[in-house]
2 protein chains.
Amino acid sequence: MRKQPQQKRSREMVRALVDATGLCIQRHGLDDTTTARIAEQAGVSVGSLYQYFGDKSALIEALMDRLAEDIAGGLRRLPLMAVNDLNEMVHRSIRFGFSVLRSRDGLYLELVRNWHRLPTHRMVDLLQQHFMELSRLYFLRHYRDYPIENLEVRVFIVTNSVLFTMVRHVSQGDVIGEEALARELTRMVAGYLAEPPETAAP
Amino acid sequence: MRKQPQQKRSREMVRALVDATGLCIQRHGLDDTTTARIAEQAGVSVGSLYQYFGDKSALIEALMDRLAEDIAGGLRRLPLMAVNDLNEMVHRSIRFGFSVLRSRDGLYLELVRNWHRLPTHRMVDLLQQHFMELSRLYFLRHYRDYPIENLEVRVFIVTNSVLFTMVRHVSQGDVIGEEALARELTRMVAGYLAEPPETAAP
DNA sequence: CGTTAATGCGAATATCCATTCGCATTCAAT
DNA sequence: ATTGAATGCGAATGGATATTCGCATTAACG
């Protein structure tokens, strides 16, 4: 941020600008989200925008940061540790994922469609991190006997598989139905996570 | 295509332009692939480009079409039907996928990084279709006894999972190692595909 | 050859947007 | 109320790039 807003008026403007960025992206798509439009939507002028954000991408990063915190919060709020059945735990996580993706009137969908030219990596990495942590705890508690060996790899695969299958599903006509998809995804993931480390023939 | 090339000279030019488009994307990235650069690379002028391609995106679509045919061809050339072990079959497919992604000096990587603003859907759908067809044949031949119920859903999940896990892996530093990733992906996919339709408790 | 249609050229044009800058307005402290 | 700092403005600027158009060159055919 180029300058710290000191007065109440300007703090509100910064807030309004980030809000407006989200709104514009959601309503007009990332391509048509211009500085002019953002400013107009926020009810301020373009010039003011540049008082507090070095450039347009700084604005978008601010938006992404806010969203990332949102997701992390929601994830933490799910009481997943208490769920004994692995299948059920995975299923709940996946359903949470779908609900996030559909929230905010398509904002997430538009962001996801444009993941590569956004600081999405930050967000994906963050999610991955959270899932990693969560999995570690979960397996420590529920699978004391044979702790999964290559949890890192497995969580990497599972997170990406689920994320992008969901994305593909949502960003095109859902020919399959969310219910079935969630169920089958859960079966694949839970089945894989529960597999013993190596299948070395005796 | 705006006009059909009638003379040999112009047919070669069209070819050269598509080649040049691929080269530019691969060398300079999609963002810096300008009509000027493409024309220069092809050794023709910008004006000539517009003789045969309505606009820049038409050129890129032509490139994508060519690549799609390439992949389809390679896929057909793999003798997967003969492989009895499901695990092995999946593993070979995945390794083929990696090899495609790495081929053409990073062209595919650049395209993949920018999938959303390209007619990539065409390509992904095509791939999915091919895998669907392939799976149907494979399971018909090898699993006569209980044919997989919801093959559509499973193939959808599996294709997307594998594709995008590979993409994520390749488009960032591979902290994991391709070998391990291919092995684990295979385990997840083969395990899931071989699962019986429903796990209704007796 | 000579004529016509096809092809090729690339400087000039058109468009779109991020970013700036000089001036106007509002705030806060005295 | 006065004043200096903070904030706000938005027309003007600049840069990038897709696309066009009038003229030059080349192929095809008699």
Side-chain angles (χ1 to χ4, degrees), chain A residues 1-64 110-111 114 116-119, chain B residues 1-64 110 114 117-119:
Chain A
M1 197 165 292
R2 174 171 284 185
K3 193 205 291 189
Q4 280 308 312
Q6 305 188 358
Q7 305 178 352
K8 188 173 66 168
R9 180 170 57 142
S10 53
R11 272 192 300 274
E12 274 166 7
M13 193 184 67
V14 166
R15 188 179 213 316
L17 279 169
V18 177
D19 287 348
T21 306
L23 266 175
C24 279
I25 293 176
Q26 173 223 112
R27 290 193 185 157
H28 309 289
L30 189 64
D31 283 326
D32 293 339
T33 294
T34 62
T35 49
R37 229 203 269 265
I38 293 174
E40 186 194 21
Q41 174 67 244
V44 303
S45 79
V46 230
S48 305
L49 189 160
Y50 283 92
Q51 289 276 312
Y52 301 100
F53 296 95
D55 55 16
K56 190 172 125 167
S57 73
L59 238 183
I60 294 181
E61 279 182 36
L63 173 66
M64 302 283 289
E110 180 63 14
L111 291 176
N114 297 277
H116 77 274
R117 45 174 172 159
L118 297 170
Chain B
M1 198 166 294
R2 172 170 286 185
K3 194 204 293 189
Q4 281 307 313
Q6 305 187 359
Q7 307 181 348
K8 189 171 65 169
R9 180 171 56 142
S10 52
R11 273 193 300 275
E12 275 167 5
M13 194 185 68
V14 167
R15 190 181 211 315
L17 278 169
V18 178
D19 287 348
T21 305
L23 266 175
C24 278
I25 293 176
Q26 173 223 113
R27 290 192 186 157
H28 310 289
L30 188 64
D31 284 325
D32 292 341
T33 293
T34 63
T35 50
R37 229 202 270 265
I38 293 174
E40 187 194 22
Q41 174 68 243
V44 303
S45 79
V46 232
S48 305
L49 188 160
Y50 283 91
Q51 290 275 311
Y52 301 101
F53 297 94
D55 56 15
K56 189 173 129 172
S57 73
L59 239 183
I60 293 180
E61 279 181 34
L63 173 66
M64 302 282 290
E110 180 63 14
N114 297 276
R117 44 172 173 164
L118 297 170

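So that the names make sense, note that chain A is the first sequence line, chain B the second, and so on, each numbered from 1.
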How many Å lie between CD on Gln7(A) and C1' on dC27(C), as a whole number?
5 Å
So which atom in Val46(B) and which in Ala39(B) form the shortest heavy-atom distance, rounded to 0.1 Å?
N-CB, 3.6 Å
Arg37(A) backbone acceptor or donor facing Thr34(A) side chain under 3.5 Å
yes
Considering non-hydrogen atoms only, spot the tightest contact between Pro5(A) and Tyr52(A) and give its length.
CA-CE2, 3.6 Å
On DNA chain D, which is the earliest and which the latest nucleotide, 5' to 3', with an atom closer than 4.0 Å to a heavy atom of chain A?
dA6(D) to dG10(D)
CZ of Arg11(A): more than 12 outside heavy atoms within 6.0 angstrom?
yes
Round to the nearest Å and state the distance from Ile60(A) atom CD1 to dA18(C) atom C1'.
12 Å
Along DNA chain D (nearest heavy atom to each residue), the more 5'-positioned of Ser45(A) and Asp32(B):
Ser45(A)
Tell me the bend of the helix from dC1(C)-dG30(D) to dT30(C)-dA1(D) as the angle between end helix axes, each from five pairs, rounded to the nearest 10 degrees.
10°
Rounding to an integer number of Å, can you tell me how far Arg9(B) CZ sits from dA6(C) P?
12 Å
What are the residues of residues 47-54 of chain B, sorted by number, that bring a heavy atom to within less than 4.0 Å of DNA chain C?
Gly47(B), Ser48(B), Tyr52(B)
Taken to the nearest whole Å, CG/Leu59(A) to C1'/dC17(C) is 15 Å
Of all heavy-atom pairs between Lys56(B) and Tyr50(B), which one has the smallest distance, and what is that distance?
N-OH, 4.5 Å
Minimum heavy-atom distance Pro119(A)-Glu61(A), with the two atoms named:
CG-CG, 3.4 Å
From CE of Met13(A) over to P of dC27(C), roughly how many Å is that when rounded to an integer?
13 Å
Can any side-chain N or O of Glu110(B) pair as donor or acceptor with the backbone N or O of Leu30(B) at less than 3.5 Å?
yes
Specify the closest pair of heavy atoms between Leu118(B) and Ile60(B), including all atoms of both residues, with the distance to one decimal.
CD2-CG2, 3.8 Å
Minimal heavy-atom distance between Ala20(B) and Ile38(B), with the atoms involved, is CB-O, 3.6 Å
Nearest-angstrom distance from the residue atom CD of Glu40(A) to P of dC17(C)
14 Å
Nearest-nucleotide wise, let me know which of Thr34(B) and Lys8(B) is further upstream toward the 5' end of DNA chain D.
Thr34(B)
Under 4.0 Å between any heavy atoms, over every strand shown, what does Ser10(B) touch: base, sugar-phosphate, or nothing? Just pick one.
sugar-phosphate
Roughly how far, to the nearest 0.5 Å, is CZ of Arg117(A) from CG of Asn114(B)?
8.5 Å
Side chain Ser48(B), main chain Val44(B), donor-acceptor under 3.5 Å:
no
